[in-house]
Amino acid sequence: MNPTIPLALLAAIASWTFLGMTFSNLLSGYFETRTCLSECVRNYYFAALALGLVGLSLSTLAIIRSDFSVFLILILLLSAIPFAITSSIFIIGNLEVILH
């Protein structure tokens, strides 16, 4: 069995987990009362971004190396969605810097 398939699935699940932790901490109430402040949320966010990219790369590599199966396409989509969410938030947040 190709070891990239389970690693891609694990990276995709971890990326979704960190993305969920990011949004749950951002929506958990007032900033002063949160246990996870800016640095913690930033670490969760960039971990979701990095693991989404790793999962996307590994699943693309698995698709290229083997036959195109529905399972591999689902893993690709599972890892592409959190990467797309986090990268679009990053681009939208930095539009002022990008445009000037």
Side-chain angles (χ1 to χ4, degrees):
M1 184 176 164
N2 193 357
T4 57
I5 297 170
L7 289 175
L9 186 60
L10 185 64
I13 292 171
S15 179
W16 275 106
T17 303
F18 278 114
L19 189 63
M21 290 168 62
T22 300
F23 289 132
S24 71
N25 281 312
L26 285 175
L27 300 173
S28 65
Y30 294 109
F31 182 75
E32 295 83 18
T33 59
R34 283 193 263 166
T35 58
C36 181
L37 299 177
S38 296
E39 186 175 327
C40 177
V41 171
R42 185 187 69 214
N43 291 339
Y44 289 159
Y45 172 80
F46 284 116
L49 181 71
L51 286 169
L53 181 62
V54 167
L56 187 62
S57 302
L58 288 173
S59 59
T60 304
L61 181 66
I63 288 174
I64 291 171
R65 290 178 132 185
S66 63
D67 296 331
F68 290 92
S69 67
V70 175
F71 181 67
L72 292 177
I73 301 296
L74 288 176
I75 292 175
L76 180 73
L77 291 174
L78 186 68
S79 14
I81 292 172
F83 178 71
I85 291 170
T86 52
S87 60
S88 63
I89 289 172
F90 182 79
I91 290 171
I92 290 169
N94 290 314
L95 272 178
E96 182 181 351
V97 176
I98 293 170
L99 294 176
H100 286 105

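Positions are given from 1 along the sequence.
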Practice task
Measure the CD1-CD1 distance between Ile13 and Ile75 for me, rounded to the nearest 0.5 Å.
Solution key: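 It comes to 8.5 Å.
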
Exercise for the section: Indicate if Leu26 and Met21 have the same hydrophobic cluster label, given that clusters are the connected sets of ILVMFWY residues with side-chain heavy-atom separations under 4.5 angstrom. Expected result: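 Per the 4.5 Å side-chain linkage, Leu26 and Met21 are not co-clustered.
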
Practice task
For the pair Phe18 and Leu49, evaluate side-chain contact (heavy atoms from CB on, under 4.5 Å) and give the outcome as yes or no after the intermediate values.
Solution key: CA-CA 9 Å; Phe18 278 114; Leu49 181 71; over 6 Å; no

Handout entry: Side-chain (Ser15) to main-chain (Ala48) donor-acceptor, under 3.5 angstrom
Key =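 Present.
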
Exercise for the section: Identify the residue among Thr60, Val54, Leu53 that makes a side chain to side chain contact (heavy atoms under 4.5 Å, CB included) with Ser57. Expected result: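 Considering Thr60, Val54, Leu53, a side chain to side chain contact (heavy atoms under 4.5 Å, CB included) with Ser57 is found only for Leu53.
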
Practice task
Report yes or no: do Ile5 and Leu76 belong to one cluster of Ile/Leu/Val/Met/Phe/Trp/Tyr joined by side chain heavy-atom distances under 4.5 Å?
Solution key: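 Yes.
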
Handout entry: Reported OH-to-CG distance for the pair Tyr44 and Asn25, which is rounded to 0.5 angstrom
Key =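 Those atoms lie 5.5 Å apart.
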
Fill in the blank from the handout: dist Ile89:CD1 -> Thr22:OG1 (nearest 0.5 Å) comes out at 8.5 Å

Fill in the blank from the handout: Interatomic distance, CD1@Ile64 vs OG1@Thr4, rounded to 0.5 Å, equals 10.5 Å

Exercise for the section: Report yes or no: do Leu61 and Leu7 belong to one cluster of Ile/Leu/Val/Met/Phe/Trp/Tyr joined by side chain heavy-atom distances under 4.5 Å? Expected result: no

Problem - Same cluster (ILVMFWY, side-chain, under 4.5 Å), Leu51 and Ile85 - result: no

Exercise for the section: Decide whether Ile73 and Leu9 are clustered together by the hydrophobic rule: side chain heavy atoms of Ile, Leu, Val, Met, Phe, Trp, Tyr closer than 4.5 Å, transitively. Expected result: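 Result: yes, single cluster for both.
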
Handout entry: Donor-acceptor pair, side chain of Trp16 and main chain of Leu78, under 3.5 angstrom
Key =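 Checking the backbone N and O of Leu78 against the side chain of Trp16, a donor-acceptor pair under 3.5 Å is found.
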
Practice task
Drop me the distance from Leu19's CG to Tyr45's OH, to the nearest 0.5 angstrom.
Solution key: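 Here the interatomic distance stands at 9.0 Å.
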
Exercise for the section: Please name the pair of heavy atoms, one in Ala8 and one in Ser59, separated by the smallest distance, quoted to 0.1 Å. Expected result: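 Heavy-atom minimum between the residues: CB-N, 3.7 Å.
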
Completion exercise
In this structure, CG of Leu56 is separated from OG of Ser87 (nearest 0.5 Å) by 9.5 Å

